[in-house]
Structures are given as C-alpha cells and as structure tokens.
Amino acid sequence: QVQLVESGGGLVQAGGSLRLSCAASGRTFSSYAMGWFRQAPGKEREFVAAISWRYGNTNYADFVKGRFTISRDNAKNTVYLQMNSLKPEDTAVYYCAADPTDSVRPARSRYEYNYWGQGTQVTVSS
C-alpha cells in the first residue's frame, strides 16, 4: 500500500518561504514520477511541479518557475517543494502525488497520478 504524507505547510507573509515535504512509503519509488499539485477553494486542482525519481528531470508550471524548486532524497524516500517569493495567490492545499509510469519528462496531468497524500495547507498573507 502506497502512502504519501505531506508536511511543512503553514501561514507565511508574502515574499516568505516554505518547504514542503512528502514522505513516501509502501514500495520502491525508483520507477515513479512524483508531483506536487495544489487546489484553492472553488478552483480545480492544478499542477505545480514534478520530478522523475529515476532520471531526476523536473517539470514546472509556468507560474512557479524561478520561485519553486522540486527535489528528492532517494535515501529518505522523500520529495521536497521549496517555495520562495510566495504570493497570496499561492494560497491553497498542496498535495503530493505518485505516478507509477515514470518518464524523462514527468507528467503534468493529475490523471496520470495514482496515489495522493492528504494535503497540507499553505496560506500566504498580504
């Protein structure tokens, strides 16, 4: 059974930083892609960033390029999302997800991801 547990969310002022963590367990993730998505109230869940566990390649939504960085620690089976220069519009619940069909270019569509964490709230005040 795959389990994904997010942590690191919270309240931060605009311009501040947070680092989200996603601890993965239940199987070997060396052939998975891992993604971060977010969902604000009344909006669709949207892609934020993804990383290939095997290749280390990354993929970012345009609105986070240059501000967010996704990374992984193979030894800890953990994926991180470093978020800098946060804006009020970044306020959302952030979800970690796993895609068992890894590739050189990790997927952006949420329908490619089979496993999801419970989410962690990020609130950015102006």
Side-chain angles (χ1 to χ4, degrees):
Q1 184 75 9
V2 172
Q3 283 193 320
L4 304 175
V5 180
E6 303 98 333
S7 61
L11 173 64
V12 65
Q13 287 189 332
S17 298
L18 282 174
R19 189 177 80 155
L20 305 183
S21 300
C22 172
S25 63
R27 67 182 51 184
T28 302
F29 290 90
S30 58
S31 61
Y32 280 61
M34 302 296 293
W36 285 98
F37 291 77
R38 69 186 189 185
Q39 188 166 17
K43 294 190 176 182
E44 294 281 320
R45 189 169 298 190
E46 63 180 354
F47 170 77
V48 175
I51 187 167
S52 163
W53 207 293
R54 182 187 307 173
Y55 303 104
N57 294 356
T58 58
N59 199 349
Y60 291 96
D62 288 344
F63 56 78
V64 302
K65 283 182 180 176
R67 299 191 299 128
F68 292 8
T69 303
I70 189 171
S71 61
R72 74 201 193 293
D73 184 328
N74 291 355
K76 295 183 178 179
N77 255 14
T78 299
V79 176
Y80 303 98
L81 185 68
Q82 178 66 43
M83 305 187 295
N84 298 329
S85 301
L86 283 162
K87 305 174 181 179
E89 52 263 43
D90 293 319
T91 295
V93 177
Y94 283 71
Y95 296 91
C96 175
D99 172 8
T101 56
D102 196 2
S103 68
V104 173
R105 186 168 176 81
R108 301 165 68 96
S109 170
R110 66 180 189 261
Y111 301 108
E112 301 291 328
Y113 291 80
N114 290 9
Y115 305 101
W116 293 83
Q118 81 288 351
T120 185
Q121 176 70 46
V122 171
T123 303
V124 184
S125 63
S126 57

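What's counted below: heavy atoms across the whole structure, side chains too, no hydrogens, waters or symmetry copies.
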Would [X] and [Y] show up in the same hydrophobic cluster when neighbours are defined by side-chain heavy atoms closer than 4.5 Å?
{"X": "F68", "Y": "L20", "answer": "yes"}
{"X": "V48", "Y": "V122", "answer": "yes"}
{"X": "L18", "Y": "V93", "answer": "no"}
{"X": "Y94", "Y": "L11", "answer": "no"}
{"X": "V64", "Y": "L81", "answer": "yes"}

Nearest heavy-atom pair of [X] and [Y]: which atoms, and what distance?
{"X": "A98", "Y": "Y32", "answer": "CB-CD2, 3.7 Å"}
{"X": "E89", "Y": "R38", "answer": "O-NH2, 3.9 Å"}
{"X": "W36", "Y": "C22", "answer": "CZ2-CB, 3.6 Å"}
{"X": "S17", "Y": "Q82", "answer": "CB-NE2, 4.0 Å"}
{"X": "E112", "Y": "P100", "answer": "O-CD, 4.2 Å"}
{"X": "M34", "Y": "Y113", "answer": "C-CE2, 4.1 Å"}

NZ or CZ of R45 within 45° of F37 ring axis and under 6.0 Å: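 Not satisfied by the 6.0 Å and 45° rule.
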Distance-only side-chain donor-acceptor flag, S52 / D102, under 3.5 Å: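 Indeed, the side chains of S52 and D102 share at least one donor-acceptor pair under 3.5 Å.
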Approximate separation, where rounding is to 0.5 Å, of E46 CD and R108 CZ: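 Rounded to the nearest 0.5 Å, the CD-CZ separation comes to 10.5 Å.
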Salt bridge present between D90 and K87 (N-O < 4.0 angstrom):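 K87 and D90: not salt-bridged.
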Using atom types as modelled and distance alone, determine if a side-chain donor or acceptor of [X] lies under 3.5 Å from a backbone N or O of [Y].
{"X": "N59", "Y": "A50", "answer": "no"}
{"X": "T91", "Y": "V124", "answer": "yes"}
{"X": "Q39", "Y": "A92", "answer": "no"}
{"X": "Y60", "Y": "I70", "answer": "yes"}

Heavy-atom side-chain proximity of W53 to D99 below 4.5 angstrom: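 When only atoms from C-beta onward are counted, D99 and W53 do not touch, as no gap falls below 4.5 Å.
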Crowding at CD, Q3 (>12 non-hydrogen neighbours, <6.0 Å):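 Open: at most 12 neighbouring heavy atoms sit under 6.0 Å from CD of Q3.
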Q118/E6 under side chain to side chain contact (heavy atoms under 4.5 Å, CB included): CA gap, chis, key distance, verdict: CA-CA 7 Å; Q118 81 288 351; E6 303 98 333; 2.8 Å; yes
Ring geometry between W116 and Y95 (parallel below 30°, tilted from 30 to 60°, perpendicular above 60°):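 Rings of Y95 and W116: perpendicular, over 60°.
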